[in-house]
There are 2 protein chains.
Amino acid sequence: MPNKRVTISDVARVAGVSRTAVSFAFNNPEQLGVETATRIVATAHELGYAPNPIARALLSRRTGVIGVLVPFTIAQSFANPFIAAFMQGVGEVCDEQSLAALIVSPLDGSLEQATRRAPVDGYIILGLNEDHIEIAPLSRRQVPLVIVDGDASAVSQVNVDDEGGAYAAAHHLLAKGHRDILMVTFQSPSPAHENDVYYGVGGRRLAGYKRAFAEYGLPLRYDHLMQSLTSIEGGAAAFGVAWSAGLRPTSVLALSDAMALGVILQAKRVGLSVPANIEVIGFDDVPLAQLTSPQLTTVHQPIVEKGATAARLLVEALGENSPPKKVLLPTSLVLRESTR
Amino acid sequence: MPNKRVTISDVARVAGVSRTAVSFAFNNPEQLGVETATRIVATAHELGYAPNPIARALLSRRTGVIGVLVPFTIAQSFANPFIAAFMQGVGEVCDEQSLAALIVSPLDGSLEQATRRAPVDGYIILGLNEDHIEIAPLSRRQVPLVIVDGDASAVSQVNVDDEGGAYAAAHHLLAKGHRDILMVTFQSPSPAHENDVYYGVGGRRLAGYKRAFAEYGLPLRYDHLMQSLTSIEGGAAAFGVAWSAGLRPTSVLALSDAMALGVILQAKRVGLSVPANIEVIGFDDVPLAQLTSPQLTTVHQPIVEKGATAARLLVEALGENSPPKKVLLPTSLVLRESTR
DNA sequence: CCCATTTAGTAAACCGTTTAAGGAGAATGC
DNA sequence: GCATTCTCCTTAAACGGTTTACTAAATGGG
């Protein structure tokens, strides 16, 4: 029996004024006599009145919330150190702009469905192109967007040099003489063509590996490519499968740090020591990578900065007609203990 | 020049029907002739119409978003492994109930201000009592609430056995003969009385330490109690100050894992080896605690479950008049490598 | 063939605010 | 002393939907 929330009308009635007067008392006190204004405020306080943010948002067309569209469940997102670091960057801008950030996950498997329900002013979109089937309706509706780790022309985008970073990682191993290199990859969301492993972030990173291999006159061996989920468990599973299949690589290139950590875990389980018996390089350089043992050699990308940049671009896009911008952030190979 | 969003009126006009008909076409198709309904849906699709979630929320009094009120900035929250684990639990319930979760941070230093702007259906409140000055207005307004790590009577609450867990940790060290124990604590938010270190989570944990000390006929020595921020840096700083002050403890009790990790870091910096020269016990058992080197001995609390429980209770509170519930989850000492 | 019922749609009210336009009375200008 | 300007407050419309009540036409039963 939650007795109805007290509205502006209640305050108006009790104070014996119009609803407009109450609104003025808070937002435009100079329109009112001092005595009336203070009386209204007092009544409001007494009644425990707080303006309904939804009603306000409807009128102002601003919720003060920005959405971050991710292809994971909410639980997975919070468990994912990459997302956590990214959101930290988004959060910095939100804090400074007095905004809030909402993680928007697929609803019944559909991101588009989810966007129909989320009360947000605009979206940062992770890992999907502007013309992706789930995203296109948004741009069509002129919803302010920023694409991260994907392609866009009509809206702003933020990317990192995935290809270059991956090249550096693969080159490093090849230069040290490794020839039996296992690659652990994740599935790209909805590739443009079936079996198109070159789509999206994963594709760009693989392209980097490929270029390095090519420089050594080697092809990218698809039988040395294990696909799994981008999580510690996924990485462990991938290495487990490879090992069971009889592969005995001398090093591993993982498409994400989480997978790399899983690989290391599983390698230890089958009795290998890292980096003595097998060297492992990850990708992303999540904060966690410095805390594990061994510390992870990985391709650094400025995740927090990426999040902050995306948020800043979205804030811009929320304003008057601002032209779309393209930002490319650098990557770099960070040598730690999981390689010799 | 973002041409206005297409509204239900636009669709109605183009399709040559009333706004009601358009609404029916989506929510109540059986009220309409099949031919009309499909025509309306087609027009809507063509125009790229999507109902405005805000308008909908205003009418239904439901946004589908639950707020998590935390005393940190958004950026800090996402960087905080405890919050991350907690939100993972909240997220599990959100995923299953098709809800979203919004982290609500202080606005201009005031949580109460922040709650006036957030478009949410109810709040999970971390670490503040129901009658806290920032919270009271909410309960007064009958906003559905769940208090976590705090006291409540009119609304549901979720707690863990902080006192018991802390007791176990202190007891463990004392039983091994330690007598020179440093305690690293964080400041409780807005204590009931000035200098009341026994307020809130921190207070309950300290009380547990105190009980263990008492069993050994020892007082809680306040000159062995360093207060700092609950972060890795904060822990490092606290140990640094203690060390500089000439303290040479044989073990450390930290009120959070983050602080414990900071202590270990700083201990290593001054040339100590953990656990050989100094033993360290944390609190919380964040997922990270198992990945560090040495792995952290700590008091386990079921963080994810705590988040999920809180979310479930809030979902209940969102429904018809449901009585408030009190849940107490257990804690347990987990021995790992930071103790011998 | 007439009355009752169903079908297919509409008009109007409502959710809780803000804002543009306006009006009554007091103060000011000339 | 009358027109004009302030001051202070109100009325009404708007934001973008949903829902209740109602109506006109079609159908059915006897």
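Quick note on labels: first sequence line is chain A, next is B, and so on, each numbered from 1.
- Taking atom CZ of residue B:R61 and atom C1' of nucleotide D:dT18, one finds them 12 Å apart after rounding to whole Å.
- Using a cutoff of 4.0 Å between basic side-chain nitrogens and carboxylate oxygens, B:R141 and B:E112 are scored as salt-bridged.
- Each of D:dG17, C:dT17, D:dT19 was ranked by its minimum atom distance to the side chain of A:Y49; first place goes to C:dT17.
- Closest to the side chain of B:T20, out of C:dT10, C:dT18, D:dA12, is C:dT10.
- The phosphate of C:dT10 (OP1 or OP2) has a side-chain N or O of B:S18 nearer than 4.0 angstrom.
- The closest side-chain heavy-atom distance from B:C94 to B:I66 is below 4.5 Å.
- Remark: P of C:dA20 and CD of A:Q31 are 11 Å apart, rounded to the nearest angstrom.
- Taking atom CG on B:L58 and atom P on D:dG16, their separation rounds to 12 Å, with Å as the unit.
- Considering B:F86, B:F82, B:F78 in turn, B:F78 is the only one that fulfils the ring pair (Phe, Tyr, Trp, His ring centres under 6.0 Å) rule with A:F78.
- The CG atom of B:N28 sits 10 Å away from the P atom of D:dT18 (whole-angstrom rounding).
- For D:dT18, the OP1/OP2 oxygens have a side-chain nitrogen or oxygen of B:R56 closer than 4.0 Å.
- Contacts of B:A25 with the nucleic acid, taken as non-hydrogen atoms under 4.0 Å apart, are absent.
- Of the candidate nucleotides D:dT20, D:dA13, D:dT10, D:dA13 has the atom nearest to the side chain of A:R19.
- Dashed line: the shortest gap from a side-chain N or O of A:N27 to OP1 or OP2 of C:dT18 is under 4.0 Å.
- We find that CD1 of B:I54 is positioned 13 Å from P of D:dT18, with the value rounded to whole Å.
- Using a 4.0 Å heavy-atom distance criterion, B:A50 is classed as a sugar-phosphate-only contact.
- Atom CD1 in A:I8 sits about 15 Å away from atom C1' in D:dC15, given to the nearest Å.
- Looking at B:N129, its side chain does come within 3.5 Å of a backbone N or O of B:D151 through a donor-acceptor pair.
- Using a 4.5 Å heavy-atom cutoff, the side chains of A:K306 and A:T309 are not in contact.
- Nearest approach of B:I147 to B:A152, heavy atoms of both residues: CG1-CB, 3.6 Å.
- Summary of the strand contacts: B:A55 and B:E30 both lie near DNA chain C, and taking for each the nucleotide with the nearest heavy atom, the more 5' one is attributed to B:E30.
- Atom P of nucleotide D:dC8 and atom CZ of A:R39 are separated by 13 Å, given to the nearest angstrom.
- For the pair B:S60 and D:dT18, the criterion of a side-chain N or O lying under 4.0 Å from OP1 or OP2 is not met.
- Across D:dC9, C:dT17, C:dA8, the shortest atom-to-atom separation from the side chain of A:T36 is found for D:dC9.
- Checking D:dC8, D:dT19, C:dA20 against the side-chain heavy atoms of B:F24 singles out D:dT19 as nearest.
- At the heavy-atom level, A:V17 lies under 4.0 Å from the strands shown only through sugar-phosphate atoms.
- Closest to the side chain of A:N52, out of C:dT17, C:dT18, D:dG16, is C:dT17.
- Distance, A:L32 CG to D:dT7 P: 13 Å, rounded to whole Å.
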